[in-house]
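Only one structure is covered here, and it is reproduced in the block below.
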Amino acid sequence: MKFIHVSDLHLGKRVNEFSMIEDQKYILKQILEITQEQKADALLAAGDIYDKTVPPAEAVQLLDSFLTEAARAGLPVFLISGNHDSPERMAFGEKLFHANKIHISPVYAGTVNPVVLRDEYGEVNIYPVPFLKPASVRRFFPEKEIKDYEAAFAAVMEELEIDTSKRNILMAHQFFTGAVRSESEEISVGGLDAISTSALPEFDYVALGHIHRPQQIGKETVRYCGTPLKYSFSETGDKKSVTVVELKEKGDVRVETILLKPLHDMREIRGTYAEVTLLENYRDTDTSDYMHVTLTDEEDIPDVTGKLRVIYPNLMKLDYDNKRTSQNRVIESTSAAEKKTPTELFGEFYELQNNQEMTREQQEYLHNVMEKVWGEE
C-alpha cells in the first residue's frame, strides 16, 4: 500500500504581506498529479491545513476544491488538525466526508479510533491524532499527572490498543526533540512543546507535521515531510518535496521523496544597488521569484523599492547591510526636547536610526516639506 505524506499546507498564509494562495493552488494541483502518477492508495495530510484558526474564505474554497478533486479521483484523504487549525472547524462534516473517503480527525475526546484499509498483505491501521495540548488531554485522564506536552502525548499513546502483528501508521502534529526548525514555524518559548521520541509506540510509519523542513527523527520511518512551499527566507536553500511511503508485508517499509516545483521560488541576493540591478550578474535568477535583496550601499537609494520592483516584481524583503546598520545605537530620551525645533528633533531621530547625520541636501528637503505642510494648515 502506497501513501503520499504531506503537511503544513498553511492555506491562506501571507508572507511579508504577499498572499500565497495562487502558489498554494499551483502546488496542490501538483500534489494531486503526483498521487496519480504514483498510483497512491491514500494521501496523509498531517496538520496545519490552514494558517489561521479562522481561515479566510479563499483558503476554505481552495481546500474545498482540493478535497473535491481528490474525491472525484477516488483518492482517500486523511487530515488531522494542527496547532494553527481549529479542530472543531476542521471536523465539521466529518461523518459526511467519511462516506466519500475523506477522513478528518475529530476533536480529541479521550480515544483515537483507527481507520482500517486493506490490500493483498492484510490490514493497515491509520491512527489520526490531532494536535494535542496538555489542557485538552488532562480532563480525560484525571488519575494522571499531565503537566506538559510530553505527558499529554504519552497518555494518549498509552490508551491506543495497537495490534503490532498488523501494519500501523500514526499521524501526529507535534514537535519531537531533535527536529531542526525554521523561522516560519510557531516557536514555543523554552521548548515547552518538545516531546521525546521515546513517547512513540512502535509504528510501521509515523507521518509527522509541524516542522517545516523535511527530515527523519531517529529513524527513516519517523518523518516530517515539511511544507510543500517555502514560507520564510530561512528556507531558501531547502528543497521542498512530498514523502512517498510504501508498506508491503509487515516490516517492509520503503520511503522516498519527490521534489516539488513551486510557482515562485524564494531567493536572496546581496550587493550594491548597481550590482543587483545589473542582470548579467543574475543570469540564472528567475526575476519573478520572491526576492530578499540586501543592499550594501552606504547611502539610501531614493524610492529604491519601486525601482527594484521594476526588475524584481515580487520583491518581498529589502534591507541594508553597511557601516551604519552594523553599529548598535541606543535611543535616549531628553527632557529638553520641547526646546528643540522639529528639524533638530527629526535630525536626531534620523541619526539614531541610521548611525549618521543628515546631509545638507536632506536637511533642506526636510525644511521645505515642513514649510509646505505647515503652510497648508
Side-chain angles (χ1 to χ4, degrees), residues 3-10 42-50 77-87 90-91 94 103-115 117 124-138 140-141 146 148-162 164 167-181 185-186 188 191-227 242-243 245 247 253 255:
F3 300 89
I4 303 296
H5 171 199
V6 299
S7 77
D8 296 88
L9 305 179
H10 288 279
L43 176 74
L44 310 176
D48 278 359
I49 308 303
Y50 292 124
V77 178
F78 294 82
L79 293 92
I80 63 172
S81 57
N83 57 300
H84 280 252
D85 301 310
S86 163
M90 282 294 300
E94 171 222 343
H103 308 282
I104 302 175
S105 64
V107 177
Y108 182 72
T111 59
V112 177
N113 297 314
V115 179
L117 301 180
V124 176
N125 298 306
I126 300 175
Y127 291 83
V129 179
F131 177 67
L132 300 171
K133 294 181 179 179
S136 62
V137 173
R138 192 178 295 123
F140 297 106
F141 303 96
I146 298 176
D148 54 24
Y149 280 82
E150 180 158 353
F153 186 80
V156 172
M157 292 296 102
E158 288 169 6
E159 292 298 307
L160 299 183
E161 297 179 357
I162 304 170
T164 55
R167 294 167 296 167
N168 300 289
I169 291 178
L170 174 70
M171 296 177 65
H173 190 95
Q174 309 286 159
F175 172 55
F176 287 90
T177 53
V180 179
R181 296 190 190 253
E185 293 151 18
E186 189 173 283
S188 176
L192 296 177
D193 58 346
I195 299 172
S196 169
T197 53
S198 62
L200 281 169
E202 192 63 36
F203 284 91
D204 294 87
Y205 184 75
V206 179
L208 296 175
H210 191 42
I211 300 302
H212 290 187
R213 284 195 169 108
Q215 57 197 281
Q216 66 184 59
I217 303 298
K219 55 184 180 180
E220 190 179 29
T221 54
V222 179
R223 288 189 63 85
Y224 288 105
C225 61
T227 55
V242 298
T243 301
V245 186
L247 275 66
V253 183
V255 180

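On a predicted model such as this, the values are computed, not experimentally measured, just so you know. For reference, positions follow the sequence shown, starting with 1.
No side-chain heavy atom of F78 sits under 4.5 Å from any side-chain heavy atom of I169. In this structure, the side chains of T243 and V255 come closer than 4.5 Å at one or more pairs of heavy atoms. Counting heavy atoms from C-beta outward, H103 and L79 have side chains that stay 4.5 Å or more apart. Looking only at side-chain heavy atoms (C-beta outward), P130 and S105 come within less than 4.5 Å of each other. A heavy-atom distance below 4.5 Å is found between the side chains of F3 and I126. Between Y205 and R223 there is a side-chain heavy-atom pair separated by less than 4.5 Å. Between M171 and V129 the shortest side-chain heavy-atom distance does not fall below 4.5 Å.
When atom types are taken as modelled, the side chain of D8 and the backbone of D48 share no donor-acceptor pair closer than 3.5 angstrom. A donor-acceptor pair under 3.5 Å links the side-chain atoms of D204 to the main chain of N168, judged by distance alone. A distance-only check finds a donor-acceptor pair linking the side chain of Q215 to the backbone of R213 [under 3.5 Å]. Judged by distance alone, with hydrogens and angles left aside, the side-chain atoms of D85 form a donor-acceptor pair with the main-chain N or O of Y50 at under 3.5 Å. Counting only distance, with no hydrogens or angles, the side chain of R138 and the backbone of I146 share a donor-acceptor pair below 3.5 Å.
Looking at H212 and Y224, their side chains never bring a donor and an acceptor atom within 3.5 Å of each other.
Between L132 atom CG and S81 atom OG the span is 8.5 Å, to the nearest 0.5 Å. From T227, atom OG1 reaches atom NE2 of H10 across 7.5 Å, with rounding to the nearest 0.5 Å. Expressed to the nearest 0.5 Å, how far CG of L208 lies from CD of Q216 amounts to 11.5 Å.
Checked against F203 for a side-chain contact (heavy atoms from CB on, under 4.5 Å), the options T164, V253, L170 give a single hit: L170.
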Given the rule in the ring pair (Phe, Tyr, Trp, His ring centres under 6.0 Å) test, do F176 and Y149 qualify, once you have shown the distances and angles that lead to the verdict?
-> CA-CA 10 Å; F176 287 90; Y149 280 82; over 10 Å; no
Residues H210, N83; criterion side chain to side chain donor-acceptor pair (under 3.5 Å); working and verdict = CA-CA 8 Å; H210 191 42; N83 57 300; 3.1 Å; yes
In sequence, state the C-alpha distance, the side-chain angles, and the governing distance for F140 and Y108, and then conclude on ring pair (Phe, Tyr, Trp, His ring centres under 6.0 Å).
-> CA-CA 10 Å; F140 297 106; Y108 182 72; 5.5 Å; yes
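The minimum heavy-atom distance between V137 and A155, with the atom names listed, is CG1-CB, 4.5 Å. Minimum heavy-atom separation, P128 to N113: CD-O, 3.9 Å.
Comment: R167 does not engage E202 in a salt bridge, judged by the lack of any side-chain N to carboxylate O separation of less than 4.0 angstrom.
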